[in-house]
Structures are given as C-alpha cells and as structure tokens.
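Down below is the structure, laid out as structure tokens.
Naming: A, B, ... by sequence-line order, numbering from 1 per chain.
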Number of protein chains: 2
Amino acid sequence: MMDTILNLGINETVVETLSAKSGNPRWAWDCYRRFIQMYSDVVMGVGKEYFEVLIARMKEKRGVKLDTELTAADLQELSTEFKAEYKAKLGVDFPSDPTEQLVGAVMAVFRSWNNDRAIAYRRMNDIPGDWGTAVNIMEMVFGNMGDDCGTGVAFSRDPATGENKLYGEFLMNAQGEDVVAGIRTPQTIDQLRETNPGAYEQFAQVAHNLEKHYKDLQDMEFTIEHGKLFMLQCRNGKRSAFAALKIAVDMVEEGLCTKGEALLKIEPNQLNSLLHPQFDPAALRDAVPVANGLAASPGAACGGVFFTSEAARDNAKNGPVLLVRNETTTEDIEGMAASQGILTATGGRTSHAAVVARGMGTCCVSGCAAIRINEAERYLTVNGQRVNEGEFMSIDGSTGNVYVGRIPTVDATVSGDFATIMQWADEIRSLKVRTNADTPKDAAKAVELGAEGIGLTRTEHMFFDLDRIPVMRRMILSDTEEQRREALAKLLPMQQGDFEGIYKAMEGRSVTIRLLDPPLHEFLPTTEEDMELLAKDMGKSLEEIKDRCRALHETNPMMGHRGCRLPVTYPEIAEMQATAIIKAALAVRKECGYDIVPEIMIPLVCEVKELAYVKNIVKTVADKLIAESGDNMKYMVGTMIEIPRAALMADKIAEEAEFFSFGTNDLTQMTFGFSRDDAGKFLPSYYSKNIFEQDPFEKLDQSGVGQLVEMAARKGRATRSDIHLGICGEHGGEPSSVEFCHKVGLDYVSCSPFRVPIARLAAAQAQVRFPR
Amino acid sequence: MMDTILNLGINETVVETLSAKSGNPRWAWDCYRRFIQMYSDVVMGVGKEYFEVLIARMKEKRGVKLDTELTAADLQELSTEFKAEYKAKLGVDFPSDPTEQLVGAVMAVFRSWNNDRAIAYRRMNDIPGDWGTAVNIMEMVFGNMGDDCGTGVAFSRDPATGENKLYGEFLMNAQGEDVVAGIRTPQTIDQLRETNPGAYEQFAQVAHNLEKHYKDLQDMEFTIEHGKLFMLQCRNGKRSAFAALKIAVDMVEEGLCTKGEALLKIEPNQLNSLLHPQFDPAALRDAVPVANGLAASPGAACGGVFFTSEAARDNAKNGPVLLVRNETTTEDIEGMAASQGILTATGGRTSHAAVVARGMGTCCVSGCAAIRINEAERYLTVNGQRVNEGEFMSIDGSTGNVYVGRIPTVDATVSGDFATIMQWADEIRSLKVRTNADTPKDAAKAVELGAEGIGLTRTEHMFFDLDRIPVMRRMILSDTEEQRREALAKLLPMQQGDFEGIYKAMEGRSVTIRLLDPPLHEFLPTTEEDMELLAKDMGKSLEEIKDRCRALHETNPMMGHRGCRLPVTYPEIAEMQATAIIKAALAVRKECGYDIVPEIMIPLVCEVKELAYVKNIVKTVADKLIAESGDNMKYMVGTMIEIPRAALMADKIAEEAEFFSFGTNDLTQMTFGFSRDDAGKFLPSYYSKNIFEQDPFEKLDQSGVGQLVEMAARKGRATRSDIHLGICGEHGGEPSSVEFCHKVGLDYVSCSPFRVPIARLAAAQAQVRFPR
C-alpha cells in the first residue's frame, strides 16, 4: 500500500561520513533534508507543505529558482530549519537514532493498512482486510549523486495502447519523488537510449526477463547510480481495458502464456469502459476542443464539473459528473469512482489520476495545463471561458481533447481483440451466461453481447406504461374477482405481445419469465390528480380510492403481500400471466419455427406447498392451451430462491421446482436483515468502523448468504439430480460472485446486458482457477 | 374425526329379513329410515333438516308427538319419502348395494380430513395434516330393539371437576344420536345402576379396566342390546383445566401412573385459564355475546370503554376500564397498563395489542371486526348496538367473546393440585424457565409463577413514560453528539432506577437486559401538537422537527436502522445503557447483598465484528465502573440470534458472545420473509388453501426456522462449549416450541410471566418424552 522509500538510518554523523566518502556534501545534505521532510510527512503526518514553505523562503533568500541551485550549506541550514519545524509541530526532537527511524517507518506502513484510503481501495478491489501488509527494507541507492545518476518509472509495454514497447519516463540527477512531483519535466524512456545506451539496454533486457517470468505487463522503478542500473521494484502494471485485451492477445501469440493465463490478466470490470459510450462522431466533428491534455485513460465522458472528491461523489446521484482537480491524490478515490471522467491540470500519464483512472476503466485527461481551477469559488477558466460548478464539459480520454458543453455519445463497438478474448472465454468457461431483460431491445442488445438466454424477465415493469397503468390500477382496486378478471382480460393481449417480442428477439434461446413480483401498491397512484382520474374511471369517489390505497399500505412492503403471495390470494393474476406466456410461445413457435420451451418462474416461495399451489394454477392453464394448440411444446415451472427458508427447505421445494434461480438481492436483504432502501443510513458507519469491507448488495456475501446458496444447490440436487440452477440477482454480473457461482456448481449466471461480457470473462477465469 | 356409526349394508331386502328374525318390524324400518337420513347427510351432504321436515309432516298426519309413536308402516312410508327426497336432491337413486354404501361411507371419512373444520381443528391442536385418518368398520349392535336395550355416553371421572366417579348419560330403547339430539331427556349414569344393575356393574368394571390400561380419563360410548353390554368406543376424555390437574394428581396417588405420566395428561395451554380472572359461571350462563374476536390474551375483564390511551389511563382511577382501539401502538402502553382488558378491531394474535397484553397478563380480544370506533365522538357500535365512552362492556380473552354490559368476574387461584403439578414439573424438567419482564411488577409476578430468571428485559418501553419521552425525543433529534450526550445524561438515572427495581424484584436471579432495539422513529411524535411541543422544547421550528421526523422515516423499518445498528452509529447510546446496567447492579449488590451477574444482550447482530464493536463499548464502560467500585462483580455480554445470517455465522459470533438468546419473532420474520405487521393480509389464504397449518409466529416453524436454531446452537457450542443458550421470542411459552428447545439442547426458555407455568409443564413433558 505504501511504496515510499525513505533513506533510513541517516543523521548528521551519517551525513558527514557520506559527504566525506562521496566527496559530494551537497548530495549528502540534500538526502538528509529530503529524509526529514518525508519522514515527517509519511511517518508522523506533518504535511510536506510546511517544509515547502521553508524551501521557497530559502530560495528567495538566496535569489535562486531551482532546488538544485541550493548549495550544501543551504541544504544543511534547511535541515536545521526542518528539524525545528518538526519539533514545533510534534513537541519532540526529530529522531537521530536509526533504529527509532526504522521502527517508526515500519509502524507507519502497518498503520497505513487501516487508513480510510486503504479501506476504500480494498473495498473497490475486493482485497480482504485480514490479509495485512508487509514491509521490505532495502539498501538505498541514489539517483541524485550527479549527472551519471538518475531514476525512472517505466512499463514493459504501453499501458494505454498495449503496444509492445517500453513506455515510461526518467530524470537524471533525481530521486523517484522528483519524477512524479511534476516540478521538473521528465524525459521519455526512449531518450534514455540516447543519453545512456548501456543502462537502457540493460533495463530493456531486465524488463523482458521480468515479463517472461511474471507472464504479465511489468510496471518498474529503477535508479541509475553512477551509471549502474538498480531495479527498485516491479509489479504487474495497471493498464487500460484496450491495452489489457491487446496485451493478453499478444502474449498468447508471442507464446508467453496460454489462453487461460491470458484471460486471468484482464480485470473483468475493465471491459466496462469498452462497452460504454464514445462520442457521437458526427457531433464530435462540429465540436471544437477548448484545450488539450494527455490522453491518460481511453473512453469519452461528459458531465457536470465538480472540484472536490466529495462534491463529485454527492452530485453523482443526480447525473453524470466530471471530477476536475489540479492533480488527484489517494484521497480522491471515492470521487474518482463516482465520476464519468477525470480531468487534471497537472500530472503526466503516470500521475495518480492517470494510473487510477485506467485501473477503474474511467476516462481521464491529465495534465491539461490550460485549466485554471478556483476551488474556493467553485469555477474553472479554460482559455478565457468560465465554467461554473455543475456546468457540463466533455473529455476524450483517447485524444486528450477537452470541450466545454455536452457532446452526445454512442455505443462502443466490440470487435478485434475484444472478440478474440470473448471467444477464448467462451471456449474455456463451463458456466453459462444469461441476461436479465424485460424488453425486446434489451434482449437483442444482450444477445449481441453474448447472452445465451434470459435468466430473468420481470413482468411488472411492463405495466408502468402510460396506456397500461390505468388498467393495472383497475385490476388492483377491483372489488370482486369478476371485476379483476375483466381488467386482467384487457392486460392479457398486452402481456402476450411483450412476450412474443422477447421470444423473437431471443431466437429460440431459453427465456425465464417471472410472474408478478412487487407489492400491488407500487402500481397505485400517489398524486391526488391521478387518484381522481382513477376514481372517475372506476366510477368511485375519490375518498373510496384513497381508502383502498391506504388499505394496501404496508409497514414493511419488502416482506409483505407480494411475489407468489399474490396468486395465492388472487389466482386469476397467475392465470392471466401463464396464459400470456404460453400463448406467446405457441405463436412464435408457429411463426418463426424456434424450439421455445417456456420457463415460468414463481417468485418469493418459502414453502413447497405454496409453490405447488401456484404451479397448479400455471399447469392447469398451460396444459389446456397446449392441448388445444396441437403443438407438443414442453415448458418448465421453477422458482426463485430468495427467502432464507426456501434455501433451508430446498430439498422439499425441488420436489415441485424444475429449476431454481437464486434471487440474491432479496436473499441478501433477508439474510442480513438489511432493507436495501434503508441501509444507506447505517452502512457508512459499518465501513468506517471496519465492520464491513464490502457492500453485500454489490458483492455476494459468500460466508453468510453463500452458505444458503450452497445449501440450496446441494439440497436441490439431492432431490432432483438434473435441477437447473442459476442466479439472477445483480451479483450475476460481479466477477467475485460469478466465481462463487462457478464454484458451487450453478449452471448459469444472469445479469444486465452490459455486464454479459464481464460475466463471460469472469466465468472463464473461474474455470481456469477452479476447473470443474 | 368422524365417529358417526352407520348401519351399513341395509336395504329393503335386509329390512324384511331383520323384521322376520327379530319379530320387530318397527325397529327394522326405523333402522332403515335412520340409515337413509344419516347416509344422505354425512356421506352425501344432504342436510338432515330436509328429512326432519318429512318426519314432522308424518307425525302431524298421524296426530302423534313422538317419533317412537310412529308405526312400522309409518316408518316404511317415511323410508320411501326419504329416498324420493334423496333422488330429488342428488338426481340419482339411493344406493341399495351394501358395497356401494360401504365405499361411500369410507370415502366420506377420508374426505372429511380436509374439510374446513378439520383443518381449523388441526391448526388449533397442532396435528399435522399429513398424518391422514383411518376408518374402523364394526358389526352393528342396537340399543333401539326394545326396553331391554339402550345406549349411553360416559366418562370414567367427572370431566368438569375431576371427581373419581362415573359421569354420563344414557337412554333406554335408543340409538346414540338420540342421546345427543336433545329430543328425549337422557338419564344420568347413576340411574343405570338402578335400572340395570348388571349392565352398570359390568360397565363400571370395563371403565376401570380401560382407565388402568390407558392410564387416563376415558370418554366411552356403549350400547346395551337385549341386556348385553357392548363397548362402541373409548378415547382419552377432554376435561376442564381444573379436572386435568385433579385427575393427574389423583392417578399418581392411586398408583395408576407415575408423576411423569401424570404430567403428560395435562395440556399445558389449559393452565392459562387457571391463572386469570374468569367470568362468574352463573352470570355467564345468561349472557349473550354481541360479537366474537380473536382470543388474544386469556382471562376475562369488564369495565368502562375508552378509546384513547390517555382516557383509559385517566379514568382507571375511578373504576375498571377497557381500552378499545382499532389497533394499539407503542404509544398506548400506558393506557394498556391501566386497563383491565384490551379490545381491538383489527390485528391478529401476534399484533401489538395481543403481544403486549400477553406480556402484561392482561385480557385481550383482538381483531374483533364487528367493532366500529368513532374516536372523535367517543362511541362505538357493534352489530347495531351503540356503546358510549364509559359504558360497560365485558370481554373474554380465552374465547374471544365480546359482551355489552357488565359480567362479574372471579379471581384466579394457583394452589392445591396446581402447586403439586408445578412441583412435579420442576423436579422432572432439565430446561430452565425464565421470563420476559420490563418492570419490577412483571418480574415479581413471574417469580411468583416460578420464573428462575429474566431472559429478556426490553429497555425501550421504559422511554414511553410521559416524563421520559420528551427527553428521548430530544436525544434522537440532537444535531450533535454533545447534545445527544446531554439528553442521554438525563435518561441515565431513570434507566438506572428501572434496573435497580428489576434487580431487587429478582432477588439475585439471572437478569438479561437487552440494549435499545427498535428504530428510533418509533419514539417520535406523530401528532402536530406533539411536534410543536417538541419544537418549542428544543428551540427549533416546527418545520425543522417535521423534516427530521421525515428523514428518520424508513421504507422497511423492521430491517432498518435499529438494534445494534444504533450503537454502531451512536456509540453513546450503548455507553449510557451499559452505565445504567452496571451502576444499578453494583448498587443493588451493595444494598441487598445479592450476587448479581449482569447479562448484557446486544440485539440484531449479523456479523461478529459488529458484535465486537458494540461489546467493546460496553466493556470499556463496565470495566471502568467495576474497577472504580472496588466490587469484583462479573458480567456477561451476549447477543440475540434473530437474523438468519447470525445463525449461519454462529461459530464466528460465539467468539465474542458469552450467550445466545434466540429472538425467534424476528428470526421467523426474516426466515420466512414475512412482515408480521403485514402478513395478516395473506395468511388467511394460506390456511384456507392448506399451504400452512400453523401460524409460524405462534408455533416455532421447526422444519425451517428450527434448522437455523439447531445450526446456531451446534455452531455456537463448537466454538464455546459452555455457551449459554436460550430463547426469548414468544415461542418460549408455547408447548410444542418448548419441546423443540428441549430437544436441541437449549439451557432455558423465556416467556411472558403468565406463560411461565405453561413452559414449566411443557419442559417437564419434553423431558419425559425425550430424556436428556
């Protein structure tokens, strides 16, 4: 988590020795003042800025502009001032004992594991908090001992494009912090070949060896001390989604790794950026960039501008936002995650903003120097134009162009390396991927993105259309079964039409349709005007309508009269829906010749007799319609497992259910006793107090909810060995949850259309890691 | 279920034979017409009344008054008329084939298993529906062949008083239906001794033998055919609670059975009626109920009706009152406590009114839909009758009957046989019995009824007192921690006083106190006046108060910001409560010398880290206070297991919890996904459609929720072998649930004070049935 390098074990005595041995007292004193500054900041939490003031004052006093112009004596004087500042801030002397310095630094690393930024980072990257961290202590080498010294940061391939050539920056006579600080402008790694061909060749060879060893893109830091190359660290490099795909494909072609190993290099969530909108090329042609920065992370974004992480986070609820900062720090993580794009005024392509944005798959333009931010008064100016907080800008992370105003976006195309990777994923994975889709349009999109079927069609959203909701309301507020049947008869052709559209879009692939799920009062009017309209329509008084709406109110609607509890009280609702499903399937089979086998899903079951009751309603309708049609169509009836008791009783429930689909949203709510609508009030305290590391609604809680999923899968199979098992909660498109589903042996995951490629890749990775 | 005896295998040919053989054609034709009538009714569902009309018409035609005055010819004619009536009703001929008659009758018995009455009966008596029923086919004997014949029904002891003497009725020259039909007046069984001493002696001997064999009170039917005694059936007899105790005690004293066997003869729930005031039986004989609701909390009460908590409280000084509400809320506590009985128009047996009333030992009839309350004009109407505020009504919480006017009551007595039975139960049982009590008064009552400790003290009810609720509200609506601490400091001495009272009442017995559990908005004002008062009190505007109240609103409060989620966000609340508990315990130890070991219970835990966080708050406070006191008092910190995830993670949670208390109310809600407040809308359909046989909030769902209880007990013990396990949901006082708790090895059950004797008996019965 903390990769800062301190020259530990230094004090005035050591400085004297170093001066003498190196014959370079300026260097020695510079090391010392850097150490005091960094130790104070990183270990003791005294901000760097206090020391920067002292440096600036010294440069003014000496009449110089650059740090490097300060002499050994100046730097020695600065060390003394720094130590005085330290004592003023902390009330104790700066430690001169190397052991104390070492222990202090080590402790700081361990402490850093539990700071807020680290916790937020772990939550985003699914790293368990109980792993803990480790400390490496290494001998110091120096890039600032003269012009035959230097230091740099480089990637073994281009992390933005994936191109197979060294990519990075370096500075001669400098330490690592100078490269990233942005005060001196670094040179590209290509220039090192000219400046110092020996070191360059050596570095290129090492980079190649490291890549071969780790079988992945390497992000490396190095120092050259008097012409000799030292490698400080290497790690698998963060990269853009585009680069991730290219590198994975290239490495297989280069024979560096297998297809399976290549797939593991790609963070599934990164695919997101490739799937998300780009600027509409037509609109873009007319757009004139107001400035240009570095193309730090590809993709395009537009949104209201905000100048702090908090403001970006808070306003992201209301619409797309761009986070605009001079440069970002680790403290901006949350705002960055909430933003459509990130724009910085300073910082290179290896700046914090650029690296993190690429990791997130978020569009980023960095180092756009034309931007002037007035954070206090909440506006920016860019080449004479003023943009206030919340006003729109657009940025293109692939070109670095920055625009004032809104540029419309279009969908991405997914071919080339993307298609290759998806093809490999499909070859490897054993877990099927379906989609959640309620409309023919969503269904078609999902098929395009590789969905093998529909795992969940919700039938309720269809009733919110303007021409349907009045009929739905009449149905709900009916006094008698007869009235209810009359309204249902009007809804039937609409539903049948919905399902025909979906069956056609899916071209014979499996489609699971869920019977009406939400509590009926969700469909009721909430405004007085709507109530009056309904009253008129139904020939009732406004008071009557209000009374009925009040009577349908529930204290805890999530656990109220919904799901299969509706057809238990009003069987005619399930009858209508089963009729619509079967008639639609028969019609499309006849019209298009697809071999459709409808899968009818009964939600919110907690007891096998409940399922048997509703299943009987469905079967009675279905068998009659099929017999009348002369078609020998098969169909299946199954259930959601979304109530804890359903998981506990899965062996019994499987006697009636031909398939299970885990509704992990509701299952999570009830297993935790968390209302999703209300948990926002207390979950932040749970994160800040380290009680939870993950939002259980985002990543499946494998240790708790997972026990129920595993138990239900096992019990279901014990009763019915060929029972079909899937998941249709939102977890179905989240990589760690997909891996869990693979491990417990589900047949498929189902997720929203745009998450289908992510799920395909995650499923393949799971198969590579845990072959089944 | 159906004990009717049909003379199967009879038709005109058989009648002729019987006439000839017996020389008694009148008897033979009477048998036939009875058969037609009964078969039509019981097997085919043609009501008896159609035939009664024909009999009456025949008697009129013949000018006679009694059935017995009709001649053989009359009866033969009646048979013909009966068969015509049968054909008119059903469109087919009355069957004359004995096989058809037999099969029809057998089928009718099997069908009867699933009629509404049978389902309701099973639900009330905890008989599983999948047992099914059986049919006995016996040779017919006749009590109507002349004056040396007869039939009767008798108990081996008096089922009302328990007195050890034969008790019953008989009729000479009659069939069983004549005894119960009420047309002829039967004679007492004593008179048989005079009428037919031989048969009487023989019957008395058989009754004695049967009692000895079955070791229980026998309910017997017999027939005398030409002086010879035939036993038709016997079964263990139903009896009054009073008789149940006396018979059990007597049989042990008579050496008929062991103490354990004797305890099994008593239905634990029957004890209820002995613990509460009852209506004077003489007065009740003349009373006619005006309506019927749910028997929600036993006992009988009469008093003036009042429609608000305040009115009930204020008028209770002047005489007995009944609180009548549509339904009660936590704000009605005071009025409920002041009332002799509670009557509600809506709400089930687990509604707020029912639960609180049972807890208080106050009589309650809930869900009496016939009641219409006009709160504004202070009167109610019930089936056309108007009752003004202050006028008397009477309610019976054991039957659900509601009366207009005053019916005097008599007090309960719990000595004599009751005390003997309880003593035997205590000798035998291994499961401890604690009580749920929030006040010293409840605690003292529970101790009187045999409670061995408190399993649950809720700390929230204490804040609804008029002098406390404003402080509580100030605490909740505080803007800062400082303001909150200020309000909490005012609540501290009040809470401490509450706990001191309870510790004193319990005289050193174990007391488990639960930290604040409900969502905070339950304490907020709901009326504009109360909001204005609060605004004034806090120096805020009415709008501000309204806004804050709105902000605290939750979509699903049951699964919202409550339980241990409160101290996670506001640690100072738990600090105050822990302080009050520890200070109270230290004070009472010092004052009274009791060896108090406080048990502090943290509710709604779903994750061990959450428990650890709150436990740490409690321990920090407690350890400091104990150290300062110089007392070496021990204390325990434990948790409720009431969220499914807590049961699944019980092994982890036991690392921090020194005890578990199963909160089966909430555990049932979340395991089923049933909101208790809303389930009333659909549960009736679940019963009528045979999906559920039991209300899971009344009887613990052993197959589903029980799995979680068993799992948590097992996992908890695996981590901490001496972990203390109890249950404090309402199931703790329900006999079948008590047996389950015994079987899974819990240490105690905790229930409302008036259910303590029931739990003691049920625990002893469980030990007899499943020794551990």
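When every heavy atom of A:Met711 is checked against every heavy atom of B:Met711, the shortest pair comes out as CE-CE, 3.7 Å. Contact between A:Ile643 and B:Thr671 at its shortest, heavy atoms only, is CG2-O, 3.0 Å. When all heavy atoms of A:Ser685 and B:Val568 are compared, the pair lying nearest together is CB-CG1, 3.9 Å. Across all non-hydrogen atoms, the minimal contact from A:Gln707 to B:Met649 is NE2-SD, 3.9 Å. Considering every non-hydrogen atom in both A:Ser703 and B:Arg645, the closest pair reads OG-NH2, 3.3 Å. Minimum interatomic distance between B:Asn556 and A:Ser675 (heavy atoms only, all atoms of both residues): ND2-OG, 3.2 Å.
Neither the backbone nor the side chain of B:Glu642 has a heavy atom closer than 4.5 Å to any heavy atom of chain A. Neither the backbone nor the side chain of A:Leu566 comes within contact range of chain B; no heavy atoms are under 4.5 Å apart. Looking at B:Glu554, both its backbone and its side chain come within 4.5 Å of chain A, counting heavy atoms on both sides. Looking at B:Tyr613, the atoms closer than 4.5 Å to chain A (heavy atoms on both sides) all sit in the side chain, from C-beta outward. Contacts between B:Leu667 and chain A at a heavy-atom distance below 4.5 Å are absent for every atom of the residue. Contacts between A:Ala551 and chain B at a heavy-atom distance below 4.5 Å involve the backbone alone (N, CA, C, O). For a residue to count as touching a neighbouring chain, one of its non-hydrogen atoms must lie under 4.5 Å from one of that chain's; by this rule B:Pro571 touches chain A with the side chain only. The contact between B:Glu610 and chain A is made by backbone and side chain atoms together, counting heavy-atom distances below 4.5 Å. Neither the backbone nor the side chain of B:Ala647 comes within contact range of chain A, judged by heavy atoms closer than 4.5 Å. Contact of B:Asn690 with chain A is made through the backbone alone, with heavy-atom distances under 4.5 Å.
By the 4.5 Å heavy-atom criterion applied to side chains, B:Met670 and A:Met559 are counted as neighbours. Taking 4.5 Å as the limit, every side-chain heavy atom of A:Phe682 sits out of range of all side-chain heavy atoms of B:Arg562. With contacts defined as side-chain heavy-atom distances shorter than 4.5 Å, the pair B:Ile691/A:Glu607 qualifies. Counting only heavy atoms from C-beta outward, the side chains of B:Phe672 and A:Pro644 never approach each other to under 4.5 Å. Side chains of B:Phe692 and A:Cys606 form a contact here, defined as non-hydrogen atoms less than 4.5 Å apart.
Screening residues 684-694 of chain A for salt bridge (Lys or Arg N to Asp or Glu O under 4.0 Å) gives A:Glu693-B:Lys609 as the qualifying pairs, with residues at least two apart or on separate chains.
Residues satisfying the side-chain contact (heavy atoms from CB on, under 4.5 Å) criterion with B:Lys619, sequence neighbours excluded, are B:Lys615, B:Asp623, B:Tyr635.
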